[in-house]
Amino acid sequence: MRGRRWLGFVPTGFQLRRFSSFEAPPVPPLRRVVVTDCASTVNAETSSVGMVTPLGCGVETTWKRLIEGECGVRAIGPDDLKMNGFEPEVKMYTFDQLTSKVAAIVPYGSTSGEFDEQLWLNSKEHRSIARFIGYALCAADEALKDANWMPTEQNEKEQTGVSLGAGTGSISDILEASRMICEKNIRRLSPFFIPRILINMASGHVSMKYGFQGPNHSSVTACATGAHSIGDAARMIQFGDTNVMVAGGTEASIDALSIAGFCRLRALSTKYNSKPHEASRPFDCGRDGFVIGEGSGVMVLEELEHARKRGAKIYAELRGYGTSGDAHHITQPHIGGRGAVLAMTRALKQSGLHPSQVDYINAHATSTPLGDAAEANAIKCVFSDHATSGALSVSSTKGATGHLLGAAGAVEAIFTVLALHHGVAPLTLNLSEPDPVFNSGFMPLTASKEMTIKSGLSNSFGFGGTNSCLLFTSTN
């Protein structure tokens with residue numbers, strides 16, 4: 001082969017194939033990514049997803065309460081601020097100064113539908129585990145059990161990865177450590193302080209618990225974190241990095257410093273402290289800010305052929321993942337929603353679907369005056385006549401859950417998958433006077449709606465102008 005210059009080697013199975021300067025290597029097609037469950041799972045009503053939310057612990061509990069119009073927002077008190085090491089008068093002063101006194105808090109306890117702190121946080125081996133990590137471990141455990149994916153073979157563990165992100169990590173640990181320094185008591189600082197606050201430790205702990213040696217990844221994109229984590233995980237499968245990914249987001253943000261910070265930013269609802277269940281009201285004229293929440297959402301993503309070979313039941317396919325940047329403002333979206341338009345358009349383009357083929361949108365709408373209107377404008381721009389014809393169902397589930405920050409995108413992606421699977425679009429809670437951007441043909445759902453949903457879009461947007469959209473399609 002004189003006269004030819006060898007450019008390199010490309011792996012083909014276990015052999016190496018060489019290509020000359022006159023022969024380009026073939027480009028493999030992108031692999032398809034699905035959300036799976038085991039066909040033999042006892043509870044066929046759940047897919048390979050796990051949830052810890054203000055509506056309850058577990059997918060079945062959360063979904064049932066969501067569809068029935070229950071609300072996970074409640075009034076908070078001084079003991080919710082995670083200030084146990086502070087003097088009582090300091091704790092009380094801090095609480096009194098907070099302008100927002102409502103939050104969406106995960107219910108704790110040992111009964112069904114509650115998060116068991118003794119199991120996930122308080123055991124001796126969990127000293128390095130902060131609350132946001134515990135939520136992720138709990139949600140991941142449910143998702144993996146539902147998917148019946150507990151690999152024991154080394155090659156299967158090497159082909160299973162984790163992609164879990166968070167928005168802020170453990171701010172309560174940072175507050176407590178700061179108190180120790182101010183009191184000149186640094187020797188009492190836990191040696192686990194750093195491992196407890198690192199956001200990638202959620203992925204780390206899940207991978208270590210199950211021995212997963214595939215990609216170990218964490219996104220940190222504010223309120224779009226959960227969606228980016230799932231989208232990034234899907235791409236890892238598409239490009240052949242792995243066959244299975246445990247993906248989602250987590251957050252434990254109910255603490256003095258987090259709430260105070262968002263209060264100072266004037267981002268939180270303050271008008272409904274005496275009526276907490278009415279505080280989170282996406283798209284409503286009476287909205288005045290979001291309700292801070294916490295929780296975790298995790299799903300098991302799998303390469304299509306890998307799922308088929310093991311006889312898994314496929315609940316949905318992740319067909320599109322669109323991302324963009326507003327390039328506009330650190331906290332405020334562009335009023336026309338140009339970043340959201342780009343993200344939704346890119347998700348549609350990747351999926352190959354026409355806008356008129358989308359049946360349901362789980363909107364990001366957090367209950368802020370500017371954000372909700374910008375997203376509604378973006379939806380009208382992208383979906384045009386389809387949106388205003390009444391054929392497109394839209395809702396924001398944050399009326400029930402509050403805003404789960406880094407976990408929101410994952411939890412709402414799961415809601416979108418469940419909507420496809422059950423044929424029910426969830427309602428928007430507390431929508432009594434819709435924003436003028438809406439009209440009779442284009443109106444968010446105020447009651448859960450039974451309908452055929454073949455495709456659904458989940459929107460997630462974050463501070464810094466980061467946007468992410470996930471498009472799922474039914475396989476029925």
Side-chain angles (χ1 to χ4, degrees), residues 66-67 69 227 280-288 290 320 322 324 326 332-349 351 353-400 403 408 412-413 415-416 419-420 423-461 467-474:
L66 175 71
I67 293 303
S280 184
R281 42 197 320 112
F283 296 128
D284 189 78
C285 286
R287 67 190 186 274
D288 72 321
F290 71 81
S324 71
D326 285 356
Q332 297 177 4
H334 185 269
I335 189 60
R338 65 187 182 194
V341 168
L342 285 171
M344 287 188 282
T345 301
R346 289 166 181 169
L348 284 164
K349 181 179 179 181
S351 72
L353 270 63
H354 188 272
S356 63
Q357 293 177 286
V358 174
D359 302 306
Y360 170 67
I361 295 177
N362 188 295
H364 176 72
T366 63
S367 193
T368 60
L370 287 178
D372 292 13
E375 184 176 11
N377 284 326
I379 292 172
K380 286 201 295 185
C381 177
V382 173
F383 293 91
S384 189
D385 293 343
H386 182 51
T388 57
S389 69
L392 177 65
S393 292
V394 177
S395 68
S396 171
T397 46
K398 289 185 176 73
H403 187 8
E412 289 155 19
F415 286 157
T416 305
L420 267 67
V424 180
L427 76 164
T428 307
L429 210 59
N430 298 320
L431 182 58
S432 57
E433 186 181 353
D435 188 284
V437 71
F438 295 100
N439 55 45
S440 58
F442 178 46
M443 189 67 62
L445 296 175
T446 56
S448 296
K449 179 181 179 181
E450 292 189 10
M451 57 182 287
T452 300
I453 306 175
K454 293 293 185 181
S455 62
L457 187 72
S458 181
N459 285 341
S460 296
F461 314 130
N467 309 297
S468 180
C469 297
L470 300 170
L471 197 156
F472 297 91
T473 58
S474 172

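No experiment lies behind these values; they were computed from the predicted model shown. Sequential numbering from 1 along the given sequence is applied to the chain's residues.
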Task: Nearest-0.5 Å distance, OG1 of residue T473 to CD1 of residue I453 - done: 13.0 Å
Open item on the list: Show the nearest heavy-atom pair for residues I379 and M344, with the distance to one decimal.
Closed with: N-CE, 3.9 Å
Task: Exercise: identify the closest heavy-atom pair between T428 and P444 - done: OG1-CB, 3.9 Å
Open item on the list: Is it the case that the side chain of N430 and the backbone of S280 share a donor-acceptor pair, with hydrogens and angles ignored and the cut-off at 3.5 Å?
Closed with: yes
Open item on the list: Quick check: do L348 and L457 have side-chain heavy atoms less than 4.5 Å from each other?
Closed with: no
Open item on the list: I'd like to know if the side chain of D372 reaches the main chain of P282, judged simply by a donor and an acceptor atom lying under 3.5 Å from each other, with no hydrogens or angles considered.
Closed with: no
Task: Gap between atom SG of C381 and atom CZ of F383 - 0.5 Å precision - done: 10.5 Å
Open item on the list: Quick check: closest heavy atoms across P426 and L66, and the distance to 0.1 Å?
Closed with: CB-CD2, 3.8 Å
Open item on the list: Once rounded to the nearest 0.5 Å, what's the spacing between atom OG of S367 and atom CG of D288?
Closed with: 7.0 Å
TODO: Run through R287, R281, K380 and flag the one making a salt bridge (charged side-chain N to carboxylate O under 4.0 Å, His left out) with D435.
DONE: R287
Open item on the list: Just verifying a value: how many Å separate C469 SG and F461 CZ, rounded to the nearest 0.5 Å?
Closed with: 5.0 Å
Task: Under 3.5 Å: donor-acceptor pair, side chain of T416, backbone of N362 - done: no
Open item on the list: How long is the straight-line distance from OG of S396 back to CG of L427, given to the nearest 0.5 Å?
Closed with: 10.0 Å
Task: Under 3.5 Å side-chain donor-acceptor pair for S324 and N467 - done: yes
Open item on the list: Is it the case that the side chain of K398 and the backbone of H364 share a donor-acceptor pair, with hydrogens and angles ignored and the cut-off at 3.5 Å?
Closed with: yes
- [ ] Please confirm whether the backbone N or O of G320 pairs with a side-chain atom of S351, one donor and one acceptor, at under 3.5 Å?
- [x] no
Task: Approximate separation, where rounding is to 0.5 Å, of E375 CD and F283 CZ - done: 5.0 Å
Task: Closest non-hydrogen atom pair, P434 against C285 - done: O-SG, 3.3 Å
Task: Check: S455 main-chain N/O paired with D359 side-chain donor or acceptor under 3.5 Å - done: yes
